[in-house]
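Quick notes on the structure that follows.
Note that ligands are numbered from 1 as they come in the structure, with each ligand's atoms numbered from 1 the same way. Position 1 is the first residue of the sequence, and the numbers go up from there.
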Amino acid sequence: MTNNVRVRFAPSPTGHLHIGGARTALFNYLFARHHRGTFILRIEDTDQERSTKEFLESILKGMEWLGMEWDEGPFHQFERLAVYREHVEKLLKAGKAYRCYCTPEELEVKRKALLAAGGKPKYDGKCRTGDRGLRTTERKPSCIRFKTPQEGLVEFNDICRGRIVTDRKELDDMIILRTDGTPTYNLTVVVDDVTMKITHVIRGDDHLNNTPRQIQLYEALGFAVPQFAHLPMIHGSDKKKLSKRHGAVSVVEYQEQGFLPEAMLNYLARLGWSSGDQEIFTKKELIEKFDLNAVGKSPSIFDIGKCTWVNSQHLAKLSERELVEKTKPYLKGLGLKVEDAEYAAKALHSERERGKTLKELAEISAFYFRDEVVWDEKAKAKWLDEKGKKHLKPLLEKFQALSRWNEEEIKQSFAAAQQELGIQKMLDLAQPLRTALTGTTVSPGIFEVLVILGKERVLKRLGKALV
Ligand code: GLU
């Protein structure tokens with residue numbers, strides 16, 4: 001394919017960037033980058049009542065966080081109203097559109113009658129016939145409808161869905177300009193895709209029903225029809241359309257939960273697309289391997305367990321420096337500061353396998369960064385009782401006497417204390433020690449924790465635990 005590929009992501013700022021929208025954006029992005037084409041961002045904000053600045057900002061932030069940089073835009077439909085009206089005029093002049101004076105009440109009565117008779121609600125074409133629709137001087141409020149051709153079929157080859165055929169008779173005369181002068185979605189999308197020279201329309205298959213209508217508009221305006229790729233829906237684990245019921249759906253929530261953007265991209269790409277058995281991809285690999293023809297038509301399931309696993313795989317690949325930088329904001333969220341980057345690197349690295357997200361990693365590593373140990377009350381009651389404290393005392397003395405603080409020396413002191421105290425199981429000494437140092441009974445290997453914390457912190461924490 002040549003590099004004239006032009007695709008767009010066209011969100012409406014009526015909500016945050018959600019998983020489905022982000023996946024649509026990503027497939028457009030990967031397709032554009034793979035073919036060295038152009039990725040355009042277009043904001044579909046003609047619905048001024050439901051569109052907000054906050055949602056717009058949130059969408060832009062989500063795109064930036066995921067690293068899907070766009071080449072053109074963001075274009076705002078609201079600023080292009082004159083362009084849409086121009087095209088409506090063109091259709092009116094060519095007799096391919098007409099004014100409709102039917103009142104909402106009138107239409108409602110007819111709609112109900114049709115439904116009651118078991119039919120599909122469809123405009124009956126009252127203003128289409130005769131010259132009624134042409135009397136532009138009439139003062140009554142009117143909207144403008146597209147004069148749908150009634151003969152033949154609309155056909156197109158969808159890259160994901162194959163051949164789609166619709167009988168034109170099934171399509172009624174849709175409104176293209178509302179009574180208040182605002183254009184409708186099917187018109188704006190066609191005018192924009194044409195004027196922005198879009199070559200491939202890649203979007204969710206909830207728009208599949210709109211496509212034959214849009215193709216008729218392309219035809220009426222005398223424009224070439226782009227290629228279409230309707231992406232399969234994303235379902236929750238219960239096979240129903242992904243929604244809030246299934247947990248977090250907006251991308252910002254995943255950021256807050258400490259997912260890595262590169263892991264999110266990886267997981268989103270796998271929702272509907274695959275390349276052999278490969279599960280873990282870098283962004284570069286995704287761009288290299290992405291192929292729209294490999295996208296099927298069956299819905300994919302959003303599985304948070306799998307998404308978390310993918311995240312942990314990407315976490316494992318970070319350098320220690322990156323790990324510190326990326327975990328910092330989450331430590332900050334817990335009120336903790338990184339003062340010594342080298343210490344933080346060792347601390348976080350020791351927990352890297354257990355922490356599946358940056359937030360979880362910050363939480364389980366928090367004990368390294370706190371001035372005062374926060375004790376889990378249950379652990380304290382069980383292991384820092386009189387017996388536990390009695391056992392820790394000689395251990396503390398042995399640690400104090402150490403001139404070198406390394407794993408070998410520490411192990412020797414521990415073994416000597418265990419023997420002197422006549423403790424059979426290592427756990428019976430390790431758990432009071434772990435509780436004293438970390439506040440809980442779960443942590444990386446106790447000797448690793450001791451080495452990382454360093455002598456000074458260990459002595460201070462043991463001293464406090466013994467009070
Ligand atoms: N604004 C539409 C949406 O958010 C975009 C539809 C399209 O891509 O044509 O669903």
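- A ring pair (Phe, Tyr, Trp, His ring centres under 6.0 Å) with Phe39 is found for one member of Phe27, Phe9, Trp70, Tyr29 and no other, namely Tyr29.
- The atoms of ligand 1 that sit less than 4.0 Å from any heavy atom of Arg203 are 7 (C), 8 (O), 9 (O).
- Val251 has its side chain out of reach of Ile59: every pair of non-hydrogen atoms, C-beta onward, lies at least 4.5 Å apart.
- In this structure, the protein non-hydrogen atom closest to atom 3 (C) of ligand 1 is His207 NE2, 3.7 Å.
- With respect to Tyr267, the ring pair (Phe, Tyr, Trp, His ring centres under 6.0 Å) criterion is satisfied by exactly one of Phe302, Phe281, Trp309: Phe302.
- Among all non-hydrogen protein atoms, the one lying nearest atom 1 (N) of ligand 1 is Glu44 OE1, 2.6 Å.
- Residue contacts with ligand 1: Ala10 is placed with a nitrogen or oxygen under 3.5 Å of a nitrogen or oxygen of the ligand (distance criterion only).
- Of all atoms in ligand 1, numbered sequentially from 1 with element shown, those under 4.0 Å from a heavy atom of Val189 are 9 (O).
- For atom 8 (O) of ligand 1, the closest non-hydrogen atom of the protein is Arg8 NH1, 2.7 Å.
- At least one heavy atom of Tyr185 sits less than 4.0 Å from an atom of ligand 1.
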Derivation and outcome, side chain to side chain contact (heavy atoms under 4.5 Å, CB included), residues Val189 and Glu44: CA-CA 9 Å; Val189 84; Glu44 307 216 317; 4.0 Å; yes
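- One distance of note links CZ of Phe146 with OG1 of Thr184; it measures 11.5 Å at 0.5 Å rounding.
- Between Tyr185 and His207, the ring-plane angle classifies as tilted under the 30° and 60° cut-offs.
- For ligand 1, the atoms sitting less than 4.0 Å from at least one non-hydrogen atom of Ser12 are 1 (N), 4 (O), numbered in the order shown with element in parentheses.
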